[in-house]
Engineer: 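Got a structure for you, written out below as structure tokens; questions coming shortly.
In what follows, residues are counted from 1 in the order of the sequence shown.
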Amino acid sequence: MAVEQDNGAIVRRFLDLVWNRGELSAIDDLVDDEFTNFGVRRKGGHAGMRHIVTVWRTAFPDLHFEIQEEIVHEDKVVTRGLMRGTHLGEFQQGVGPGRIMGTMAPTGRSFEADQIHIWRLQGGKIVEHAASRNDLLLVNQLGLVSGAEPITEATWRKPVAPGSGPSG
């Protein structure tokens with residue numbers, strides 16, 4: 001149980017220091033240098049992770065990931081949460097939604113989108129990561145989806161009161 005709790009603490013520290021605060025120096029302590037991201041392993045994982053975080057934080061200087069739920073089991077940690085940010089810098093092609101959209105000039109708009117991340121840890125470091133992100137909602141909120149009105153996370157996610165859903 002102690003190892004599982006430590007794994008959760010490592011991921012929380014990684015999200016807070018690296019993603020929320022932009023402290024890239026913490027990557028060396030928290031991420032294995034042969035880190036696998038979305039099934040792709042390359043030597044020099046630290047440099048790759050610094051690049052990914054830098055691209056996101058350049059585009060969204062106020063980027064913040066709020067953990068809403070965490071599940072820790074053995075060497076895996078699952079985080080479900082909301083990522084928020086304001087698009088004040090250029091988002092480079094090749095990372096996140098830039099893999100499909102190409103380079104995205106700053107829009108000045110904010111986004112709030114849900115994400116689920118699965119982390120695997122070994123020896124006190126993150127060795128593997130995969131995620132399911134709502135990038136379509138993100139680019140819609142930035143006004144980058146042609147022919148669609150931007151919507152907010154609050155508009156998109158309407159709370160349902162218990163017992164008010166369709167009967168089955």
Engineer: Quick one: do Val53 and Leu63 end up in the same hydrophobic cluster if we chain Ile, Leu, Val, Met, Phe, Trp and Tyr together by side-chain heavy atoms under 4.5 Å apart?
Structural biologist: yes
Engineer: Looking at CG of Leu30 and CG of Leu17, how far apart are the two atoms once the value is rounded to the nearest 0.5 Å?
Structural biologist: 6.5 Å
Engineer: Could you go through Ile52 and Trp19, starting from their C-alpha distance and side-chain angles, then the distance that decides it, and tell me whether this counts as side-chain contact (heavy atoms from CB on, under 4.5 Å)?
Structural biologist: CA-CA 10 Å; Ile52 292 166; Trp19 284 96; 3.8 Å; yes
Engineer: Looking at Asp6 and Arg13, is any side-chain nitrogen of the basic one under 4.0 Å from a carboxylate oxygen of the acidic one?
Structural biologist: no
Engineer: Please say yes or no: joined through hydrophobic side-chain contacts below 4.5 Å, possibly via intermediate residues, are Leu142 and Leu88 part of one cluster?
Structural biologist: no
Engineer: Cut-off 3.5 Å, side chains only: do His64 and Glu66 have a donor facing an acceptor?
Structural biologist: no
Engineer: With hydrophobic residues grouped by side-chain heavy-atom distances under 4.5 Å, do Val78 and Phe65 end up in a single group?
Structural biologist: no
Engineer: With a 4.5 Å cut-off on side-chain heavy atoms, are Glu34 and Val127 touching?
Structural biologist: no
Engineer: About how many Å separate CD1 of Ile116 and CD1 of Ile71, when rounded to the nearest 0.5 Å?
Structural biologist: 8.5 Å
Engineer: With rounding to the nearest 0.5 angstrom, report the CH2 to CZ distance, Trp119 to Phe35.
Structural biologist: 6.5 Å
Engineer: side-chain contact (heavy atoms from CB on, under 4.5 Å), that's the test. Do Val77 and Glu70 meet it? Break it down for me.
Structural biologist: CA-CA 7 Å; Val77 177; Glu70 175 185 272; 4.1 Å; yes
Engineer: Do any N or O atoms from the side chain of Asp33 and from the backbone of Gly45 form a donor-acceptor pair under 3.5 angstrom?
Structural biologist: yes
Engineer: When rounded to the nearest 0.5 angstrom, what distance separates OG1 in Thr103 from CD in Glu90?
Structural biologist: 5.0 Å
Engineer: Can you name the nearest heavy-atom pair linking Pro106 to Gly89, along with the distance?
Structural biologist: CG-C, 3.6 Å
Engineer: Any chance you could measure Asn7, atom CG, to Arg12, atom CZ, to the nearest 0.5 Å?
Structural biologist: 10.0 Å
Engineer: Could you go step by step and tell me if Val11 and Val72 meet the side-chain contact (heavy atoms from CB on, under 4.5 Å) rule?
Structural biologist: CA-CA 10 Å; Val11 169; Val72 181; over 6 Å; no
Engineer: Verify, without hydrogens or angle tests, whether Asn134 (side chain) and Ala113 (backbone) share a donor-acceptor contact under 3.5 angstrom.
Structural biologist: no
Engineer: Kindly say whether Val31 contributes a backbone atom to a donor-acceptor pair with the side chain of His46 at under 3.5 angstrom?
Structural biologist: yes
Engineer: What I'd like to find out is whether the side chain of His129 reaches to under 4.5 Å of the side chain of Phe14, using heavy atoms alone.
Structural biologist: no
Engineer: Side chains of Leu144 and Met104: does their closest heavy-atom pair fall under 4.5 Å?
Structural biologist: yes
Engineer: Does a side-chain heavy-atom distance below 4.5 Å link Arg80 with Asp114?
Structural biologist: no
Engineer: Would you name the heavy atoms of Gln68 and Leu82 that are closest together and state the gap between them?
Structural biologist: NE2-CD1, 3.5 Å
Engineer: Do the side chains of Leu121 and Ile118 join up, straight or via other hydrophobic residues, at under 4.5 Å, putting them in one cluster?
Structural biologist: no
Engineer: Taking side chain as C-beta onward, heavy atoms only, is Arg50 less than 4.5 Å from Asp28?
Structural biologist: yes
Engineer: Kindly give the heavy-atom pair with the smallest separation between Asn20 and Arg57, and that separation in Å.
Structural biologist: O-NH1, 3.3 Å
Engineer: To the nearest 0.5 angstrom, please state how far the CZ atom of Phe60 sits from the CE atom of Met83.
Structural biologist: 9.5 Å
Engineer: For Gln141 and Glu112, indicate whether the former's side chain and the latter's backbone hold a donor-acceptor pair under 3.5 Å.
Structural biologist: yes
Engineer: Verify side-chain contact (heavy atoms from CB on, under 4.5 Å) between Ile10 and Lys125, making sure each step is shown before the conclusion.
Structural biologist: CA-CA 7 Å; Ile10 291 165; Lys125 291 192 176 193; over 6 Å; no
Engineer: Please work out which of the three classes, parallel, tilted or perpendicular, describes the rings of Phe91 and Trp56, given edges at 30° and 60°.
Structural biologist: perpendicular
